[in-house]
Amino acid sequence: MIKITEKKLDPELITNKVKNPENGAVITFLGTTRKYTDNKKVILLEYEAYIPMAELKLKEIVQNIEKKWNIYDIYIAHRLGKVEIGEISLVVAISSQHRKSAFAACQYAIDTLKLTVPIWKKEFFQEEAKWVNEP
């Protein structure tokens, strides 16, 4: 499953969606707004996306995980709009038979998302705001 929303993300709900009694590992990654970037105090983040392409790219990530690791219990959710300090902007939840493949698939999902999905982050500081060029 994938989700792009302006609503707050519920990691427990998302994690429960991937739990499967056939699996022994459940990995949930939370991307949150941190208080400092390069020793500058962050006030908040704001995310924008080209949603049709972002959804397509997220589906590709899910399909690649299914093919490479034979994992089918996957949920990637990204929040858009303003995200305050400590709030969650990204949840990646993956359930698989074994932890090694779950960790690898989760790492792949995060890294590939940052490289390929058209979701842009703007950091707001005391005196300036700037678009972040990741990874």
Side-chain angles (χ1 to χ4, degrees):
M1 293 184 75
I2 62 162
K3 181 179 188 176
I4 299 173
T5 182
E6 291 196 14
K7 295 179 181 176
K8 289 186 178 185
L9 299 174
D10 182 342
E12 186 174 351
L13 178 73
I14 292 168
T15 300
N16 285 333
K17 295 275 188 186
V18 302
K19 285 184 178 178
N20 180 333
E22 295 180 10
N23 294 331
V26 179
I27 305 297
T28 302
F29 169 83
L30 306 179
T32 61
T33 303
R34 63 180 172 260
K35 198 171 187 175
Y36 290 93
T37 296
D38 298 328
N39 294 320
K40 295 193 310 191
K41 188 174 181 180
V42 176
I43 297 169
L44 65 93
L45 299 180
E46 186 171 9
Y47 290 90
E48 292 183 11
Y50 176 53
I51 294 174
M53 183 59 78
E55 289 176 339
L56 180 66
K57 290 297 187 180
L58 288 174
K59 286 177 186 174
E60 286 177 8
I61 291 169
V62 169
Q63 290 168 348
N64 289 339
I65 290 170
E66 291 171 348
K67 286 178 190 171
K68 184 168 183 171
W69 289 281
N70 292 320
I71 294 173
Y72 300 94
D73 298 302
I74 306 159
Y75 199 132
I76 302 172
H78 205 298
R79 184 169 164 196
L80 300 180
K82 294 181 180 177
V83 183
E84 303 286 337
I85 301 299
E87 289 185 337
I88 299 166
S89 56
L90 174 65
V91 179
V92 177
I94 295 178
S95 176
S96 70
Q97 289 185 340
H98 304 286
R99 70 182 179 275
K100 188 174 182 178
S101 57
F103 275 114
C106 188
Q107 181 76 48
Y108 168 83
I110 297 160
D111 291 346
T112 306
L113 183 153
K114 292 203 172 265
L115 287 173
T116 66
V117 179
I119 297 176
W120 304 284
K121 176 172 72 173
K122 190 173 194 178
E123 289 180 314
F124 289 83
F125 303 99
Q126 288 296 156
E127 298 175 10
E128 67 174 327
K130 69 174 187 170
W131 289 100
V132 176
N133 209 5
E134 289 193 295

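Atom set for the values below is all heavy atoms of this structure, side chains included, hydrogens, waters and symmetry mates excluded.
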I14, I76, L13 screened by side-chain contact (heavy atoms from CB on, under 4.5 Å) with V91, the one that passes: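 The side-chain contact (heavy atoms from CB on, under 4.5 Å) with V91 is passed solely by I14 among I14, I76, L13.
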Distance-only side-chain donor-acceptor flag, D73 / S95, under 3.5 Å: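 No donor-acceptor contact under 3.5 Å links the two side chains.
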Residues which pass side-chain hydrogen bond (donor to acceptor under 3.5 Å, both in side chains) with K100, listed by chain and number, not counting sequence neighbours: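 Partners of K100 under the side-chain hydrogen bond (donor to acceptor under 3.5 Å, both in side chains) test: none.
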Smallest separation among heavy atoms of [X] and [Y], with atom names:
X: C106; Y: I27; value: SG-CG2, 3.9 Å
X: P118; Y: K57; value: CD-CG, 4.2 Å
X: I85; Y: R34; value: CD1-O, 3.4 Å
X: R79; Y: E87; value: NH1-OE1, 3.2 Å
X: E66; Y: I74; value: CG-CD1, 4.0 Å

Intermediate values then yes/no, side-chain contact (heavy atoms from CB on, under 4.5 Å), F125 and K130: CA-CA 8 Å; F125 303 99; K130 69 174 187 170; 4.0 Å; yes
Spatial distance of atom [atom1] ([X]) from atom [atom2] ([Y]) [nearest 0.5 Å]:
X: L58; Y: I4; atom1: CG; atom2: CD1; result: 5.0 Å
X: K7; Y: L80; atom1: NZ; atom2: CG; result: 13.0 Å
X: N23; Y: H98; atom1: CG; atom2: NE2; result: 9.0 Å
X: D38; Y: E123; atom1: CG; atom2: CD; result: 7.5 Å
X: I119; Y: K114; atom1: CD1; atom2: NZ; result: 9.5 Å
X: L9; Y: L30; atom1: CG; atom2: CG; result: 9.0 Å

Is it true that [X] and [Y] fall in one hydrophobic cluster, defined by side-chain heavy atoms closer than 4.5 Å?
X: V62; Y: W69; answer: yes
X: V18; Y: I2; answer: no
X: I65; Y: Y75; answer: no

Derivation of the side-chain contact (heavy atoms from CB on, under 4.5 Å) call for I110 and Y108: CA-CA 6 Å; I110 297 160; Y108 168 83; over 6 Å; no
H78 side chain near V117 side chain, heavy-atom distance below 4.5 Å: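 No - every pair of side-chain heavy atoms lies 4.5 Å or more apart.
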Heavy atoms of other groups near K68 NZ, more than 12 under 6.0 Å: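 No, not enclosed.
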Please set out all donor-acceptor pairs under 3.5 angstrom arising from side-chain atoms of residues 40-55, sequence neighbours excluded.
{"from": "K40", "atom 1": "NZ", "to": "E128", "atom 2": "OE2", "distance (Å)": "2.5"}
{"from": "Y47", "atom 1": "OH", "to": "S89", "atom 2": "OG", "distance (Å)": "3.3"}

Side chain D10, main chain E12, donor-acceptor under 3.5 Å: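 Flag set: sc D10 to bb E12 pair under 3.5 Å.
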